[in-house]
Amino acid sequence: MPVPATLEFFIDPARCIGCQACVQACAECDTHRGQSMIQLDYVDRAHSTQTVPVVCMHCDSPTCAEVCPADAIKRTEDGVVHSARKPRCIACNNCVLACPFGVPKMNTEMQLMMKCNMCYDRTSVGLKPMCASVCPSQALAFGTREEMARLRPSARPVNTFQFGAQTITTKVNMMVPADDGPDWVDVTAAMHEPTIGHQMLDDIFDDDVFGGDGFIDLLNDDPADA
Amino acid sequence: MSPEPPLISRGASAPQDADRSTVPPDGRPLAEQPKWRRDFPIDWPQDEYVSRRDLVKFICLTSVAFVVGQFWIVGKSLFGRREAALPALAIADVDELPIGGAKTFRYPEGSTPRLLVRTGAATFVAYDQQCTHLLCPIVPAHREGMGVAASERGLELHCPCHNGWFDLETGRPLAGPPRRPLPRVSVEVRGSIVYATGVEEPAA
Ligand code: SF4
Ligand code: SF4
Ligand code: FES
(Lines give C-alpha, C1' and ligand atoms only; values in the text may rest on other atoms or scores of the structure.)
(Ligands and ions follow the chains in the order given, each with its own letter.)
Protein backbone atom coordinates (compact mmCIF):
# COMPACT_ATOMS: atom_id res chain seq x y z
CA MET A 1 0.00 0.00 0.00
CA PRO A 2 1.50 3.34 -0.94
CA VAL A 3 1.61 6.38 1.31
CA PRO A 4 -1.49 8.46 0.49
CA ALA A 5 -0.56 11.23 -1.93
CA THR A 6 -2.35 13.85 0.14
CA LEU A 7 -0.27 13.27 3.25
CA GLU A 8 3.10 14.97 3.37
CA PHE A 9 5.97 15.40 5.74
CA PHE A 10 6.90 18.92 6.89
CA ILE A 11 10.01 19.84 8.82
CA ASP A 12 10.31 23.15 10.60
CA PRO A 13 13.73 23.20 12.28
CA ALA A 14 12.97 26.58 13.89
CA ARG A 15 10.34 24.88 16.04
CA CYS A 16 12.71 22.16 17.23
CA ILE A 17 13.33 22.35 20.98
CA GLY A 18 15.90 19.55 21.11
CA CYS A 19 13.81 17.31 23.37
CA GLN A 20 14.96 14.09 21.67
CA ALA A 21 11.44 12.66 21.72
CA CYS A 22 11.65 11.91 18.00
CA VAL A 23 14.97 10.13 18.46
CA GLN A 24 13.44 7.87 21.09
CA ALA A 25 10.22 7.31 19.20
CA CYS A 26 12.09 6.48 16.02
CA ALA A 27 13.67 3.45 17.69
CA GLU A 28 10.17 2.13 18.34
CA CYS A 29 9.33 1.94 14.66
CA ASP A 30 8.72 -1.61 13.52
CA THR A 31 10.69 -1.23 10.32
CA HIS A 32 13.94 -0.79 12.25
CA ARG A 33 13.07 -1.70 15.81
CA GLY A 34 15.65 -0.70 18.38
CA GLN A 35 17.58 1.54 16.02
CA SER A 36 16.94 5.22 15.81
CA MET A 37 17.28 6.50 12.29
CA ILE A 38 16.68 10.12 13.18
CA GLN A 39 19.54 12.41 13.99
CA LEU A 40 19.34 15.51 16.12
CA ASP A 41 22.01 17.93 14.97
CA TYR A 42 23.31 20.77 17.08
CA VAL A 43 23.74 23.59 14.65
CA ASP A 44 26.44 25.51 16.46
CA ARG A 45 26.81 24.06 19.85
CA ALA A 46 29.19 26.65 21.26
CA HIS A 47 26.84 29.51 20.66
CA SER A 48 23.34 28.18 20.39
CA THR A 49 20.95 25.61 21.75
CA GLN A 50 19.30 25.30 18.36
CA THR A 51 18.87 21.73 17.19
CA VAL A 52 17.71 20.38 13.86
CA PRO A 53 16.09 17.01 13.40
CA VAL A 54 17.43 15.21 10.34
CA VAL A 55 15.20 12.71 8.60
CA CYS A 56 15.47 11.41 5.07
CA MET A 57 14.14 13.98 2.62
CA HIS A 58 13.17 11.26 0.13
CA CYS A 59 14.76 12.91 -2.88
CA ASP A 60 13.19 12.68 -6.31
CA SER A 61 16.60 11.65 -7.65
CA PRO A 62 18.02 10.01 -4.56
CA THR A 63 21.76 10.58 -4.52
CA CYS A 64 22.17 7.63 -2.18
CA ALA A 65 20.65 5.32 -4.79
CA GLU A 66 22.52 7.01 -7.63
CA VAL A 67 25.88 6.19 -6.06
CA CYS A 68 25.04 2.71 -4.84
CA PRO A 69 27.28 0.28 -6.76
CA ALA A 70 25.21 -2.70 -5.62
CA ASP A 71 21.83 -1.39 -6.81
CA ALA A 72 20.56 -1.85 -3.28
CA ILE A 73 18.58 1.32 -2.58
CA LYS A 74 15.08 1.37 -3.99
CA ARG A 75 12.22 3.82 -3.97
CA THR A 76 8.59 2.75 -3.88
CA GLU A 77 6.06 4.24 -6.22
CA ASP A 78 4.96 6.79 -3.59
CA GLY A 79 8.44 8.32 -3.58
CA VAL A 80 9.68 6.81 -0.31
CA VAL A 81 13.34 5.80 -0.48
CA HIS A 82 13.95 2.65 1.53
CA SER A 83 16.82 1.14 3.45
CA ALA A 84 19.23 -0.89 1.39
CA ARG A 85 18.01 -4.33 0.38
CA LYS A 86 19.88 -6.70 2.61
CA PRO A 87 20.85 -9.28 -0.03
CA ARG A 88 22.40 -6.56 -2.18
CA CYS A 89 24.07 -4.10 0.16
CA ILE A 90 27.82 -4.59 0.33
CA ALA A 91 28.27 -2.09 3.17
CA CYS A 92 30.53 0.11 1.06
CA ASN A 93 29.36 3.33 2.72
CA ASN A 94 29.03 5.21 -0.59
CA CYS A 95 25.48 6.28 0.21
CA VAL A 96 26.46 7.44 3.68
CA LEU A 97 29.08 9.73 2.20
CA ALA A 98 27.04 10.88 -0.78
CA CYS A 99 23.72 11.88 0.76
CA PRO A 100 23.51 15.69 0.76
CA PHE A 101 21.63 15.59 4.06
CA GLY A 102 23.78 13.01 5.84
CA VAL A 103 20.94 10.58 6.37
CA PRO A 104 21.96 6.94 5.73
CA LYS A 105 23.61 5.13 8.60
CA MET A 106 25.90 2.15 8.30
CA ASN A 107 25.04 -0.69 10.62
CA THR A 108 28.47 -2.30 10.69
CA GLU A 109 27.29 -5.24 12.75
CA MET A 110 24.69 -6.19 10.18
CA GLN A 111 26.77 -4.98 7.23
CA LEU A 112 23.75 -3.05 6.10
CA MET A 113 22.92 0.54 5.33
CA MET A 114 19.83 1.60 7.19
CA LYS A 115 17.98 4.84 6.82
CA CYS A 116 14.78 6.63 7.63
CA ASN A 117 12.00 5.17 5.53
CA MET A 118 9.28 7.48 6.84
CA CYS A 119 8.01 4.64 9.07
CA TYR A 120 6.71 2.88 6.02
CA ASP A 121 4.70 0.42 8.09
CA ARG A 122 2.74 3.36 9.51
CA THR A 123 2.63 5.95 6.74
CA SER A 124 1.60 3.38 4.14
CA VAL A 125 -1.60 2.86 6.10
CA GLY A 126 -2.17 6.57 6.62
CA LEU A 127 -0.67 6.91 10.13
CA LYS A 128 1.87 9.54 11.10
CA PRO A 129 5.50 8.49 11.28
CA MET A 130 6.71 7.87 14.83
CA CYS A 131 8.68 11.11 15.07
CA ALA A 132 5.85 13.32 13.86
CA SER A 133 3.42 11.63 16.20
CA VAL A 134 5.49 12.53 19.28
CA CYS A 135 7.09 15.86 18.35
CA PRO A 136 5.68 18.25 21.01
CA SER A 137 6.38 21.39 19.00
CA GLN A 138 5.45 19.78 15.69
CA ALA A 139 8.82 20.64 14.19
CA LEU A 140 8.24 17.31 12.51
CA ALA A 141 4.72 17.29 11.16
CA PHE A 142 2.81 14.93 8.92
CA GLY A 143 -0.47 15.87 7.35
CA THR A 144 -2.13 17.48 4.39
CA ARG A 145 -0.96 20.66 2.77
CA GLU A 146 -4.23 22.42 3.68
CA GLU A 147 -3.82 21.48 7.31
CA MET A 148 -0.33 22.91 7.27
CA ALA A 149 -1.46 26.15 5.61
CA ARG A 150 -4.10 26.56 8.29
CA LEU A 151 -1.80 25.77 11.23
CA ARG A 152 1.22 27.71 9.97
CA PRO A 153 -0.06 30.83 8.23
CA SER A 154 3.35 32.50 8.33
CA ALA A 155 5.29 29.61 6.83
CA ARG A 156 5.36 27.95 3.47
CA PRO A 157 6.76 24.57 2.41
CA VAL A 158 9.78 24.39 0.13
CA ASN A 159 11.11 21.20 -1.33
CA THR A 160 13.99 22.38 -3.48
CA PHE A 161 17.52 22.36 -2.20
CA GLN A 162 20.83 23.47 -3.59
CA PHE A 163 23.87 21.45 -2.65
CA GLY A 164 26.84 22.93 -4.45
CA ALA A 165 26.03 22.48 -8.12
CA GLN A 166 23.41 19.84 -7.40
CA THR A 167 19.73 20.74 -7.32
CA ILE A 168 17.65 18.40 -5.23
CA THR A 169 13.90 18.18 -5.09
CA THR A 170 12.39 16.13 -2.35
CA LYS A 171 9.20 14.53 -1.18
CA VAL A 172 9.67 15.95 2.31
CA ASN A 173 9.12 19.69 2.75
CA MET A 174 11.07 22.25 4.72
CA MET A 175 9.11 25.17 6.15
CA VAL A 176 10.44 28.66 5.34
CA PRO A 177 8.99 32.10 6.16
CA ALA A 178 5.97 32.66 3.97
CA ASP A 179 6.63 36.11 2.57
CA ASP A 180 10.36 36.59 2.10
CA GLY A 181 11.59 33.04 2.50
CA PRO A 182 13.79 31.55 -0.20
CA ASP A 183 12.42 29.47 -3.05
CA TRP A 184 15.06 26.91 -2.42
CA VAL A 185 17.30 26.11 0.49
CA ASP A 186 21.04 26.22 0.08
CA VAL A 187 22.16 23.24 2.11
CA THR A 188 25.75 24.34 2.54
CA ALA A 189 25.29 28.11 2.61
CA ALA A 190 25.51 28.44 6.35
CA MET A 191 28.44 26.10 6.69
CA HIS A 192 30.91 28.78 7.71
CA GLU A 193 28.54 31.25 9.33
CA PRO A 194 27.59 31.54 12.97
CA THR A 195 24.07 30.34 13.41
CA ILE A 196 22.82 33.30 15.39
CA GLY A 197 23.74 36.00 12.92
CA HIS A 198 24.35 39.69 13.39
CA GLN A 199 21.05 40.20 11.66
CA MET A 200 19.14 38.91 14.61
CA LEU A 201 21.09 40.83 17.23
CA ASP A 202 20.73 43.97 15.15
CA ASP A 203 16.99 43.42 14.92
CA ILE A 204 16.55 43.36 18.66
CA PHE A 205 17.99 46.83 19.07
CA ASP A 206 16.68 48.19 15.83
CA ASP A 207 14.91 51.51 16.29
CA ASP A 208 12.64 50.90 13.32
CA VAL A 209 11.41 47.67 14.75
CA PHE A 210 10.99 48.62 18.36
CA GLY A 211 9.64 52.13 18.29
CA GLY A 212 12.46 54.61 18.82
CA ASP A 213 14.27 54.18 22.11
CA GLY A 214 15.99 50.93 21.25
CA PHE A 215 14.50 49.47 24.41
CA ILE A 216 12.09 46.62 24.52
CA ASP A 217 9.53 47.06 27.22
CA LEU A 218 8.62 43.47 27.76
CA LEU A 219 6.50 44.06 30.86
CA ASN A 220 4.24 46.65 29.39
CA ASP A 221 4.00 45.05 26.00
CA ASP A 222 0.42 44.27 25.26
CA PRO A 223 0.32 40.99 23.41
CA ALA A 224 -3.01 41.94 21.90
CA ASP A 225 -1.53 44.58 19.63
CA ALA A 226 1.69 42.73 18.88
CA MET B 1 27.71 33.22 -5.07
CA SER B 2 24.05 32.60 -5.69
CA PRO B 3 23.09 29.17 -6.98
CA GLU B 4 21.46 28.57 -10.31
CA PRO B 5 17.71 28.23 -10.01
CA PRO B 6 16.53 24.67 -9.73
CA LEU B 7 16.59 22.59 -12.90
CA ILE B 8 13.89 20.14 -12.00
CA SER B 9 10.91 20.91 -9.88
CA ARG B 10 8.84 17.83 -9.42
CA GLY B 11 8.80 17.42 -5.70
CA ALA B 12 5.84 16.25 -3.75
CA SER B 13 3.44 17.35 -6.44
CA ALA B 14 4.91 14.89 -8.92
CA PRO B 15 2.43 12.32 -10.20
CA GLN B 16 2.41 9.21 -8.05
CA ASP B 17 1.72 6.67 -10.76
CA ALA B 18 3.25 3.24 -10.63
CA ASP B 19 5.00 3.80 -13.94
CA ARG B 20 7.00 6.72 -12.69
CA SER B 21 10.58 5.87 -13.31
CA THR B 22 13.83 7.24 -12.07
CA VAL B 23 14.49 10.78 -13.14
CA PRO B 24 18.24 11.07 -13.34
CA PRO B 25 19.94 14.14 -11.86
CA ASP B 26 20.43 15.71 -15.27
CA GLY B 27 16.67 15.61 -15.83
CA ARG B 28 16.84 14.28 -19.40
CA PRO B 29 14.33 11.61 -20.43
CA LEU B 30 15.12 7.95 -19.92
CA ALA B 31 15.58 7.35 -23.64
CA GLU B 32 18.60 9.66 -23.66
CA GLN B 33 20.21 7.98 -20.69
CA PRO B 34 22.99 5.41 -20.79
CA LYS B 35 21.84 1.80 -20.85
CA TRP B 36 22.88 1.04 -17.27
CA ARG B 37 20.27 3.47 -16.01
CA ARG B 38 17.53 1.43 -17.63
CA ASP B 39 19.13 -1.77 -16.39
CA PHE B 40 19.36 -0.56 -12.80
CA PRO B 41 16.26 1.51 -12.10
CA ILE B 42 15.91 3.10 -8.71
CA ASP B 43 12.16 2.65 -8.54
CA TRP B 44 10.91 -0.51 -6.94
CA PRO B 45 8.27 -1.50 -9.54
CA GLN B 46 10.77 -1.25 -12.40
CA ASP B 47 13.37 -3.08 -10.35
CA GLU B 48 10.96 -5.94 -9.68
CA TYR B 49 9.79 -6.09 -13.26
CA VAL B 50 10.88 -9.21 -15.14
CA SER B 51 10.47 -9.06 -18.89
CA ARG B 52 9.24 -12.05 -20.89
CA ARG B 53 12.59 -12.26 -22.60
CA ASP B 54 14.42 -12.43 -19.27
CA LEU B 55 12.07 -15.12 -18.03
CA VAL B 56 12.54 -17.24 -21.17
CA LYS B 57 16.28 -16.75 -20.95
CA PHE B 58 16.26 -17.84 -17.32
CA ILE B 59 14.16 -20.93 -17.99
CA CYS B 60 16.30 -22.01 -20.97
CA LEU B 61 19.58 -21.50 -19.17
CA THR B 62 18.50 -23.30 -16.01
CA SER B 63 17.11 -26.27 -17.92
CA VAL B 64 20.32 -26.48 -19.94
CA ALA B 65 22.21 -26.39 -16.66
CA PHE B 66 20.06 -29.24 -15.31
CA VAL B 67 20.66 -31.37 -18.42
CA VAL B 68 24.40 -30.75 -18.25
CA GLY B 69 24.30 -31.64 -14.56
CA GLN B 70 22.56 -34.96 -15.26
CA PHE B 71 25.16 -35.90 -17.87
CA TRP B 72 27.88 -34.89 -15.50
CA ILE B 73 26.48 -37.16 -12.77
CA VAL B 74 26.16 -40.08 -15.22
CA GLY B 75 29.68 -39.49 -16.55
CA LYS B 76 31.09 -39.33 -13.10
CA SER B 77 29.49 -42.58 -12.01
CA LEU B 78 30.73 -44.28 -15.20
CA PHE B 79 34.28 -43.02 -15.29
CA GLY B 80 34.69 -41.34 -11.97
CA ARG B 81 35.78 -44.28 -9.84
CA ARG B 82 39.50 -43.85 -10.03
CA GLU B 83 42.13 -45.32 -7.82
CA ALA B 84 44.57 -43.11 -6.10
CA ALA B 85 48.15 -44.09 -6.94
CA LEU B 86 49.81 -45.07 -3.67
CA PRO B 87 52.91 -47.05 -2.80
CA ALA B 88 52.22 -50.68 -1.92
CA LEU B 89 52.07 -51.45 1.76
CA ALA B 90 52.39 -54.82 3.49
CA ILE B 91 49.29 -55.25 5.59
CA ALA B 92 49.16 -58.91 6.64
CA ASP B 93 50.68 -62.38 6.40
CA VAL B 94 48.59 -64.84 4.38
CA ASP B 95 48.61 -67.32 7.24
CA GLU B 96 47.67 -64.74 9.80
CA LEU B 97 43.96 -64.95 8.91
CA PRO B 98 41.71 -67.98 8.62
CA ILE B 99 39.39 -68.12 5.60
CA GLY B 100 36.54 -65.78 6.50
CA GLY B 101 38.76 -63.98 8.97
CA ALA B 102 39.19 -60.23 8.95
CA LYS B 103 41.63 -57.61 10.10
CA THR B 104 41.68 -53.81 10.13
CA PHE B 105 44.57 -51.80 8.81
CA ARG B 106 45.32 -48.28 7.78
CA TYR B 107 46.36 -47.50 4.27
CA PRO B 108 47.85 -45.08 3.59
CA GLU B 109 49.25 -44.45 7.06
CA GLY B 110 46.84 -42.41 9.13
CA SER B 111 43.81 -43.12 6.98
CA THR B 112 40.44 -44.16 8.32
CA PRO B 113 40.41 -47.90 9.18
CA ARG B 114 40.15 -50.36 6.27
CA LEU B 115 38.94 -53.93 6.55
CA LEU B 116 40.80 -56.86 5.01
CA VAL B 117 38.84 -60.15 4.63
CA ARG B 118 40.27 -63.50 3.55
CA THR B 119 37.74 -65.02 1.12
CA GLY B 120 39.67 -68.09 -0.03
CA ALA B 121 43.03 -69.86 0.10
CA ALA B 122 44.81 -67.04 -1.64
CA THR B 123 42.06 -64.47 -2.21
CA PHE B 124 41.57 -61.36 -0.17
CA VAL B 125 39.29 -58.34 -0.44
CA ALA B 126 39.59 -55.04 1.35
CA TYR B 127 37.27 -52.05 1.77
CA ASP B 128 37.08 -48.86 3.64
CA GLN B 129 35.60 -49.84 6.99
CA GLN B 130 33.25 -46.90 7.16
CA CYS B 131 29.70 -47.71 6.20
CA THR B 132 28.53 -45.47 3.38
CA HIS B 133 25.38 -44.67 5.29
CA LEU B 134 26.55 -42.96 8.48
CA LEU B 135 30.17 -44.10 8.84
CA CYS B 136 29.76 -46.92 11.39
CA PRO B 137 32.46 -49.62 11.11
CA ILE B 138 31.47 -52.69 9.10
CA VAL B 139 32.24 -56.31 10.02
CA PRO B 140 31.98 -59.61 8.11
CA ALA B 141 28.81 -61.54 9.06
CA HIS B 142 26.20 -63.96 7.81
CA ARG B 143 22.78 -62.60 7.04
CA GLU B 144 19.69 -64.28 8.35
CA GLY B 145 16.10 -63.85 7.34
CA MET B 146 13.78 -64.05 4.31
CA GLY B 147 13.57 -67.79 4.88
CA VAL B 148 17.30 -68.35 4.59
CA ALA B 149 19.32 -69.51 7.54
CA ALA B 150 22.47 -67.64 8.37
CA SER B 151 24.63 -70.66 7.73
CA GLU B 152 23.28 -71.12 4.19
CA ARG B 153 24.13 -67.65 3.01
CA GLY B 154 27.64 -66.65 2.13
CA LEU B 155 29.70 -64.21 4.09
CA GLU B 156 28.67 -60.57 3.70
CA LEU B 157 29.68 -57.26 5.22
CA HIS B 158 27.43 -56.02 7.96
CA CYS B 159 26.92 -52.60 9.45
CA PRO B 160 25.31 -53.09 12.86
CA CYS B 161 24.23 -49.48 13.29
CA HIS B 162 21.16 -49.62 11.07
CA ASN B 163 21.41 -53.16 9.81
CA GLY B 164 23.13 -52.38 6.53
CA TRP B 165 24.53 -55.20 4.37
CA PHE B 166 27.17 -55.14 1.61
CA ASP B 167 28.28 -57.75 -0.88
CA LEU B 168 31.66 -59.15 0.12
CA GLU B 169 32.96 -59.56 -3.44
CA THR B 170 31.97 -56.18 -4.85
CA GLY B 171 31.20 -53.93 -1.92
CA ARG B 172 27.76 -53.10 -3.34
CA PRO B 173 24.99 -52.40 -0.86
CA LEU B 174 22.58 -55.33 -0.53
CA ALA B 175 20.16 -54.33 2.20
CA GLY B 176 19.46 -51.63 4.74
CA PRO B 177 19.97 -47.91 4.45
CA PRO B 178 23.33 -47.71 2.60
CA ARG B 179 22.95 -46.67 -1.04
CA ARG B 180 26.56 -46.37 -2.21
CA PRO B 181 29.18 -49.13 -2.53
CA LEU B 182 32.07 -49.31 -0.11
CA PRO B 183 35.26 -47.75 -1.48
CA ARG B 184 37.49 -50.65 -2.42
CA VAL B 185 41.12 -51.12 -1.47
CA SER B 186 42.96 -53.24 -4.01
CA VAL B 187 45.13 -55.94 -2.52
CA GLU B 188 47.77 -58.19 -4.00
CA VAL B 189 49.29 -61.39 -2.59
CA ARG B 190 53.02 -61.56 -3.17
CA GLY B 191 54.47 -64.78 -1.70
CA SER B 192 53.13 -64.95 1.79
CA ILE B 193 52.54 -61.26 2.28
CA VAL B 194 49.37 -59.33 1.46
CA TYR B 195 49.98 -55.88 0.09
CA ALA B 196 47.55 -53.02 -0.32
CA THR B 197 48.23 -51.36 -3.65
CA GLY B 198 45.58 -48.72 -4.15
CA VAL B 199 42.45 -47.11 -2.80
CA GLU B 200 39.37 -46.37 -4.80
CA GLU B 201 38.24 -42.83 -4.28
CA PRO B 202 34.75 -42.81 -2.82
CA ALA B 203 32.05 -41.66 -5.18
CA ALA B 204 31.50 -37.99 -4.40
S1 SF4 C 1 17.93 12.50 1.79
FE2 SF4 C 1 19.78 11.23 1.51
S3 SF4 C 1 19.10 9.19 2.14
FE4 SF4 C 1 17.25 10.37 1.76
S5 SF4 C 1 16.76 9.94 -0.39
FE6 SF4 C 1 17.97 11.82 -0.37
S7 SF4 C 1 20.06 11.10 -0.71
FE8 SF4 C 1 18.88 9.29 -0.10
S1 SF4 D 1 26.46 0.80 1.69
FE2 SF4 D 1 25.01 -0.61 0.71
S3 SF4 D 1 23.29 0.69 0.12
FE4 SF4 D 1 25.00 2.08 0.56
S5 SF4 D 1 25.96 2.43 -1.44
FE6 SF4 D 1 27.05 0.70 -0.48
S7 SF4 D 1 25.99 -1.13 -1.23
FE8 SF4 D 1 24.64 0.62 -1.67
S1 FES E 1 25.71 -46.45 9.48
FE2 FES E 1 25.76 -48.31 8.44
S3 FES E 1 23.70 -48.75 8.13
FE4 FES E 1 23.60 -46.77 9.08
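Please read all numbers here as calculations on a predicted model, not as lab measurements. Numbered from 1 within each chain, the chains take letters A, B, ... in sequence-line order.
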Evaluate whether atom CZ of A/R33 has more than 12 neighbouring non-hydrogen atoms of other residues, nucleotides or ligands under 6.0 angstrom away.
yes

Any side-chain to backbone donor/acceptor pair from A/K74 onto B/E48? Under 3.5 Å, distance only.
no

Measure the spacing between CG of A/D78 and CH2 of B/W44 and express it to the nearest 0.5 Å.
11.0 Å

Looking only at A/Q166, A/R85, A/H58, the option with the highest number of non-hydrogen pairs under 4.5 Å against chain B is A/R85

Show the numbers, then the answer: is there a side-chain contact (heavy atoms from CB on, under 4.5 Å) between A/V81 and B/I42?
CA-CA 9 Å; A/V81 183; B/I42 287 171; over 6 Å; no

Residue A/K86 excluded, over 12 heavy atoms near NZ under 6.0 Å:
yes

Between B/D47 and A/R88, is there a side-chain N and carboxylate O pair less than 4.0 Å apart?
yes

Checking B/Y195 now: which residues fulfil ring pair (Phe, Tyr, Trp, His ring centres under 6.0 Å) with it, not counting sequence neighbours?
none

Say you draw a straight line from CZ of B/R37 to CD of A/E66; how long is it, rounded to the nearest 0.5 Å?
4.0 Å

